[in-house]
Number of protein chains: 2
Amino acid sequence: MIAKAGGRNSLASSIHDLARHLNISIGTVSRALNGRADVNADTRQRVLDAAKKLNYSPNQSGRSLRQGATHSIAFMLQPHPGDQQYGEPFFIPFLIGLQGRLAESGLDLTVVMGAPGDYQQERLRRVVETRRADAVLLAWTRREDERIDYLTQVGFPFATLGRSRSGGKAYPSLDLDFEKAGSDAVDRLVARGHRRIAAIRPSLNLNFGHLFLNGYRKALKRHGIEVDPSLIADGFINEAGGYQVTPRVILAKDRPTAIIFNNDAMALGGCKALAEMGIRPGHDIAVTVIVDTPLCRYFSPALTAFRPALEPMGRRLAEMLLASLPAFAGPEGPRIIHEVWPLELVARDSD
Amino acid sequence: MIAKAGGRNSLASSIHDLARHLNISIGTVSRALNGRADVNADTRQRVLDAAKKLNYSPNQSGRSLRQGATHSIAFMLQPHPGDQQYGEPFFIPFLIGLQGRLAESGLDLTVVMGAPGDYQQERLRRVVETRRADAVLLAWTRREDERIDYLTQVGFPFATLGRSRSGGKAYPSLDLDFEKAGSDAVDRLVARGHRRIAAIRPSLNLNFGHLFLNGYRKALKRHGIEVDPSLIADGFINEAGGYQVTPRVILAKDRPTAIIFNNDAMALGGCKALAEMGIRPGHDIAVTVIVDTPLCRYFSPALTAFRPALEPMGRRLAEMLLASLPAFAGPEGPRIIHEVWPLELVARDSD
DNA sequence: CGTTTTTCCGTAAACGTTTACGAGAACACA
DNA sequence: TGTGTTCTCGTAAACGTTTACGGAAAAACG
């Protein structure tokens, strides 16, 4: 048992207190507060005033229990193992957009942290089974994603940041166009005279890594350049991973003149490896990063990267989730929306 | 109204289902599940098995309502305005530690986002008044902190990352020793021959800025160096702030040979300003940053900075919060603990 | 004035738990 | 056998809401 938060009687003016104070029934109070039609205008005003005066606001557990809805959306924030130093600054602007839009519909956003590494399955079950949220938002989707399988199986509403092959098209999803970014990156490098272009991506079967590589391959073929497997490498999605795997492509028979990293942390680790081998990004080799973060901007040389519009994406995904929920959808009923957003090239000094 | 999450009847096996399935009363089921003594060992096992089989887990709203406790702790995450690009990577390792320790005591951590800029007061009220958490955790404490005033006034349990003058010593707090860091930074610079040392800190009355300046001043005096007000500047706690305010100290009558920044984002902005003035950190001027982040490491030149042990701090603050709650305190009863943790110097290339 | 409609409000059930209380059964003990 | 103790469980109330239902009073209408 836990202490009653704040002492139930100091803070907690219940609807009964309010009713007693006004000499009316709790039913009427509730109806007044919830804006129902069948309550006299005067009465409503009196209730509203008293609520403000007594500092009343409804107990969330009570509401949730009665209504079967928590009025909150859970975002599953999952730190990658070994990512401690770096964190997920990626998500903050995204979360700001998310929270802003949800608040407009009276929903709370709660970010639920998982322990690094367990890929959320356990935390997710917990959120769902104890009904702590009305819907969840997933990120870092994988090609085959057990979380998506689980949620669709139990019929819990959700939306994803990122696509997946799991679960069909039954849930809203918003993703970045990693395929186009990979392709654009290659185009740009080819235009600058490169033919030996390496690609480094995370080794988990994260879907964006897959998409990126698709784009990379297609673009190379389009330019009549053979795809050389020795120029493609997978590594852990963190700095150590980039550091570890970059030498592998450098030591290929015919050394690449450019590397595209699919992740900023990996790029940073990769640049460290390059430095140790005496290879200078921007001089001896071109480096491009697919998802831009502040780190890319401040690194030296500043890394050319593809930038997402995180805050608008957050807003939009919230909107898409709402549109899929019967209770929030417009008159035409719930809709499942899928969108793919572009990444914008930010040319800097590393290529 | 919102859709009953997942459809109440698909997911939700209630305790009644379980009881019916086992042909015993819900009371017994509950007692068995909660490990109470007055239930037969066989019965308990049967209940546990059935619970697993039927995938039962108690409805959180029901529990909370009955117990007057939500079994969750809220961390108020507050993005600073204009901080969109940068985010709060600072907090991620901290949150990991926090969540780890709380989970060990069966508590959930929910991060509640506020809109940038409103300093949380509204969100905080909402969390407290609707009783969405059993306690809250505050960060970015200010010298006079209305959030702390509010929480102490209404008697809601909380702890803070950072100190404040508000609320006395009535709540657990964990802070970094910014005073010592400021002092150490000066010591180090003086030892390296600097006498004209500037200090740049956030303009909000954030408490750490105050502490930092204290340490800075004391150390200067200790070394017999006069504190020159024209070498001290305040700015918005973001990159733009640093960029805007740094020239002010540079253009002082007697140009400083070193700058201590009290915030990494401000340092980055400051370095940009320096670059535009043709002043190279590490060559023409020494730069020290008080709170280290990955950005400091990757910047060029890599910035000498003072580093906190974020993840252990998160664990520890969770522990301190628990120790202050009657329901979780040991047999000796609740204790209010205050701790101040050191920052560790990481010498790099900028000084 | 009688009848119908409308307006407004109180009553009570329900949401899913936990837990105080009491009672029956089994057991121990003299 | 009678009495007291221990185990084990069922009953029912309570947590704070929302809402279906019905009814009294007021208003409208003929």
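Note on naming: letters A, B, ... go to the chains in the order of the sequence lines (proteins, then strands), and numbering restarts at 1 for each one. Note: hydrogens, waters and symmetry copies are ignored here, and every other heavy atom, side chains too, is used.
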Is B:Arg36 close enough to C:dT19 that one of its side-chain N or O atoms is under 4.0 Å from OP1 or OP2 there? yes
Derivation of the side chain to side chain contact (heavy atoms under 4.5 Å, CB included) call for A:Ile24 and A:Leu18: CA-CA 9 Å; A:Ile24 59 181; A:Leu18 209 50; over 6 Å; no
Using only heavy-atom distances, determine whether the side chains of B:Ser61 and B:Ser64 contain a donor-acceptor pair under 3.5 Å. no
Rounded to whole angstroms, how far apart are CD on A:Gln67 and C1' on D:dC15? 16 Å
For A:Ile15 and D:dC15, what is the distance between atoms CD1 and C1' respectively, to the nearest whole Å? 14 Å
Expressed as a whole number of angstroms, how long is the span from A:Leu65:CG to D:dC15:C1'? 9 Å
On the nucleotide C:dC15, are OP1 or OP2 found under 4.0 Å from the side-chain N or O atoms that B:Asn59 carries? no
Where each residue is assigned the nucleotide of DNA chain C containing its nearest heavy atom, which of B:Pro58 and A:Asn40 is assigned the position nearer the 5′ end? A:Asn40
Would one find a side-chain N or O of A:Ser64 under 4.0 angstrom from OP1 or OP2 of C:dC15? no
Quick note, B:Ser30 side chain, CB onward, closest among C:dT18, D:dT17, D:dT18 is C:dT18
For atom CZ of B:Arg63 and atom C1' of C:dG16, their distance in whole Å: 11 Å
Length of the CZ-C1' vector between B:Arg44 and D:dC9, whole Å: 13 Å
Whole-Å gap separating C1' (D:dA14) and CZ (A:Arg66): 17 Å
Nearest-Å distance, CG (B:Leu33) to P (D:dC9)? 14 Å
Within the structure, does a side-chain N or O atom of A:Thr43 lie under 4.0 Å from either OP1 or OP2 of C:dC8? no
Minimum side-chain heavy-atom gap A:Leu321-A:Ser324 below 4.5 Å: yes
Counting any heavy atom closer than 4.0 Å, what does B:Ile24 reach on the DNA or RNA strands: base, sugar-phosphate only, or nothing? sugar-phosphate
So what does A:Asp38 hit on the nucleic acid, given a heavy-atom distance under 4.0 Å: a base, only sugar-phosphate, or nothing? base
Between C:dT17 (C1') and B:Asp17 (CG): distance, integer Å: 13 Å
If we only count heavy atoms from C-beta on, is the A:Arg142 to A:Asn207 side-chain gap below 4.5 Å? no
Could you check A:Gly62 against B:Gly27 and say which one's nearest nucleotide on DNA chain D is further toward the 5' end? B:Gly27
Given C:dC9, D:dG16, C:dT19, the nucleotide with the shortest approach to the side chain of A:Thr28: C:dC9
Just checking A:Ser61: base, sugar-phosphate only, or nothing, at a heavy-atom cut-off of under 4.0 Å? nothing
Rounded to the nearest 0.5 Å, what separation is found between the CG atom of B:Leu317 and the CD atom of B:Glu319? 10.0 Å
Testing D:dT18, D:dA20, D:dC9 for proximity to the side chain of A:Arg31, the answer is D:dA20
Give me the ring orientation class for B:Tyr171 and B:His338: parallel if the planes are under 30° apart, tilted from 30 to 60°, perpendicular past 60°. perpendicular
For B:Ser14, report the nucleic acid contact type (base, sugar-phosphate, nothing); a contact means any heavy atom under 4.0 Å. sugar-phosphate
